[in-house]
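For reference, the structure discussed in these notes is given below.
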Amino acid sequence: MSAVSDRLPAFPWDKLEPYKKTAAAHPDGIVDLSVGTPVDPVPEHIQKALIDAADSPGYPTVWGTPELRDALTRWVEHRLGAREVTHRHVLPVVGSKELVAWLPTQLGLGPGDQVAFPRLAYPTYEVGARLARAEHVAYDDPTELDPTRLKLLWLNSPSNPTGRVLSKAELTRIVAWAREHGVLVLSDECYIELGWEADPVSVLHPDVNGGSYDGIVAVHSLSKRSNLAGYRAAFLAGDPAVLGPLLQIRKHGGMMTPAPTQAAVVAALGDDEHVRVQRERYAARRTALRDALLAHGFRIEHSEASLYLWATRDESCWDTVAHLADRGILVAPGYFYGPAGDRFVRVALTATDERVRAAVTRLTA
């Protein structure tokens with residue numbers, strides 16, 4: 001066990017504990033904008049679907065029910081503009097973090113293989129490479145990488161933490177390059193329904209992939225769009241030549257989405273109205289926090305999509321974290337997402353309206 005844990009970096013969030021204690025000591029309580037965990041209610045019709053499926057004594061299937069696969073294929077075509085999507089093109093997973101962490105291992109990657117991810121990125125991309133004992137490399141432009149040993153290329157648009165969106169032209173260029181060099185593309189699109197100043201596009205769109213899913217897989221989650229982080233509901237869509245073997249591996253590993261969660265996903269993907277309502281909540285919080293941060297002397301970069309504001313005061317991120325903690329506001333230091341973020345903080349929009357108003361008051365006082 002120690003040999004495995006020794007491959008991993010220190011868990012970054014533990015370093016935030018002293019600042020959390022400072023923020024919690026504020027007379028009006030902490031405003032926690034550090035972790036992007038949903039705080040709004042799960043829509044009632046999704047709760048009902050979960051409850052109605054609660055009497056599920058048998059084992060669920062890894063591939064999911066036919067109803068779930070139908071819902072996944074319909075949503076991918078309806079929302080992402082994909083074409084001719086069949087059950088072979090989709091695979092439910094037990095939350096997207098589990099998938100990111102274990103995918104390199106499940107793909108059979110190991111020493112000598114490379115996994116690439118953006119210079120500023122979700123830390124679990126690196127964790128996944130380390131668990132597989134593969135090498136990891138960060139990029140600014142993936143097409144400038146040496147593809148010789150590159151086996152897995154992570155894209156993330158909209159980005160966590162920066163909110164940056166890759167344009168259709170950029171995605172098309174990257175997919176073409178990866179195919180030319182035989183590199184598998186995994187596109188993390190979990191924030192695709194949260195575009196504010198840009199309209200994110202999927203690698204599954206025919207304008208990007210030329211009508212072929214060869215060598216591309218998209219990752220999607222219901223955690224943010226439907227407030228289902230507690231349900232562990234996500235899925236893959238793309239190349240059947242990749243998803244088929246993954247399905248077999250995950251069958252052997254017993255990686256099954258619980259049956260009630262599968263039923264909840266069917267209900268969630270079949271309804272657009274709750275997504276619109278949640279977007280409006282986040283849009284209002286984003287406007288309020290963005291204006292308050294700018295008034296407080298911050299500069300905000302990118303942030304055209306996703307659930308975060310990528311903000312800086314042109315100082316060490318830890319100095320900014322301390323400055324805000326003194327005001328009872330907890331944010332994530334940009335260093336958690338790579339050394340290139342050491343002068344930024346990530347400010348999450350996932351707090352209640354009341355807590356967001358408290359943060360705005362403290363920033364503009």
Side-chain angles (χ1 to χ4, degrees), residues 46 49 60-96 99-100 103 106-107 152-158 165-166 168 171-172 174-176 178-179 183-195 199-226 228 231 233-251 255-257 261-272 274-275:
I46 301 176
T61 64
V62 173
W63 202 13
T65 62
E67 293 78 13
L68 174 59
R69 282 177 263 143
D70 283 343
L72 297 179
T73 57
R74 280 196 302 267
W75 185 85
V76 167
E77 292 190 341
H78 162 68
R79 179 59 184 86
L80 305 181
R83 297 289 180 267
E84 299 180 2
V85 180
T86 71
H87 286 195
R88 295 173 57 247
H89 293 92
V90 295
L91 177 63
V93 296
V94 191
S96 58
L99 181 280
V100 173
L103 182 66
Q106 292 173 4
L107 290 173
L152 174 59
L153 172 63
W154 281 106
L155 304 181
N156 182 207
S157 175
V165 171
L166 294 175
K168 187 181 291 184
L171 287 171
T172 302
I174 293 167
V175 167
R179 283 174 167 167
V183 177
L184 175 62
V185 173
L186 261 288
S187 182
D188 181 344
E189 301 174 354
C190 290
Y191 296 92
I192 201 164
E193 297 207 84
L194 296 166
D199 187 14
V201 64
S202 172
V203 294
L204 301 179
H205 196 286
D207 288 353
V208 172
N209 60 43
S212 167
Y213 300 116
D214 291 350
I216 57 172
V217 175
V219 183
H220 287 272
S221 167
L222 284 85
S223 293
K224 307 303 193 295
R225 73 182 295 278
S226 299
L228 296 189
Y231 285 44
F235 64 94
L236 304 178
D239 191 347
V242 177
L243 300 189
L246 276 179
L247 172 60
Q248 297 307 313
I249 292 165
R250 295 174 70 83
K251 284 181 179 179
M255 294 179 172
M256 301 172 283
T257 303
T261 294
Q262 293 189 29
V265 170
V266 173
L269 292 181
D271 173 61
D272 292 333
H274 79 279
V275 180

State, with a plain yes or no, whether a side-chain heavy atom of P92 is found less than 4.5 Å away from one of V265. no

Can you tell me if T261 uses its side chain to pair, donor with acceptor, with the backbone of T257 under 3.5 Å? no

Could you tell me whether a side-chain N or O of D207 sits under 3.5 Å from a main-chain N or O of N209, the two making a donor and an acceptor? no

Donor-acceptor pair, distance only, cut-off 3.5 Å: does the side chain of W63 make one with the backbone of V90? yes

What are the two closest non-hydrogen atoms of R179 and D214, and how far apart are they? NE-O, 2.9 Å

How close do V203 and A218 get, heavy atom to heavy atom, and via which atoms? CG2-CB, 4.3 Å

Sub-4.5 Å side-chain heavy-atom contact between L186 and V219: yes

For a 4.5 angstrom cut-off between non-hydrogen side-chain atoms, does L99 reach L236? yes

E189 to S187 - nearest heavy-atom pair and separation: OE2-OG, 2.9 Å

Let me see the working for L194 and K224 under side-chain contact (heavy atoms from CB on, under 4.5 Å), right down to the final yes or no. CA-CA 9 Å; L194 296 166; K224 307 303 193 295; 4.2 Å; yes

With a 4.5 Å limit on heavy-atom distance, are the side chains of L153 and I174 in contact? yes

Under 3.5 Å donor-acceptor, S157 side chain and L166 backbone: yes

Does either side chain, that of H274 or that of S226, offer a donor lying less than 3.5 Å from an acceptor on the other one? yes

Can you name the nearest heavy-atom pair linking A267 to I46, along with the distance? CB-CA, 4.4 Å

Check this for me: does any side-chain nitrogen of one of E77 and R83 sit under 4.0 Å from a carboxylate oxygen of the other? no

Closest heavy-atom contact between L184 and I216? CD1-N, 4.3 Å

Does any non-hydrogen side-chain atom of R74 lie less than 4.5 Å from one of V85? no

F235 to V93 - nearest heavy-atom pair and separation: N-CG2, 3.8 Å

side-chain contact (heavy atoms from CB on, under 4.5 Å) for Y191 and V165? Distances and angles first, verdict last. CA-CA 10 Å; Y191 296 92; V165 171; over 6 Å; no

Measure the shortest side-chain to side-chain distance between L269 and L222 over non-hydrogen atoms and say whether it is less than 4.5 angstrom. yes

Inter-residue atom distance R69.CZ - T61.OG1, 0.5 Å rounding: 6.0 Å

Please check if the side chain of Q262 supplies one atom and the backbone of P60 the other of a donor-acceptor pair under 3.5 Å. no

Are side-chain heavy atoms of L155 and L171 found at a separation under 4.5 Å? yes

Pair D188-H220, side-chain donor/acceptor within less than 3.5 Å: no

Expected output: side-chain R250 to main-chain V62 donor-acceptor under 3.5 Å: no

For atom CZ of R88, is the number of surrounding heavy atoms from other residues, nucleotides or ligands below 6.0 Å larger than 12? no

Do the side chains of I192 and L80 get nearer than 4.5 Å, heavy atoms only? yes

Going by distance alone, is a donor N or O of one side chain under 3.5 Å from an acceptor N or O of the other, for H89 and D239? no

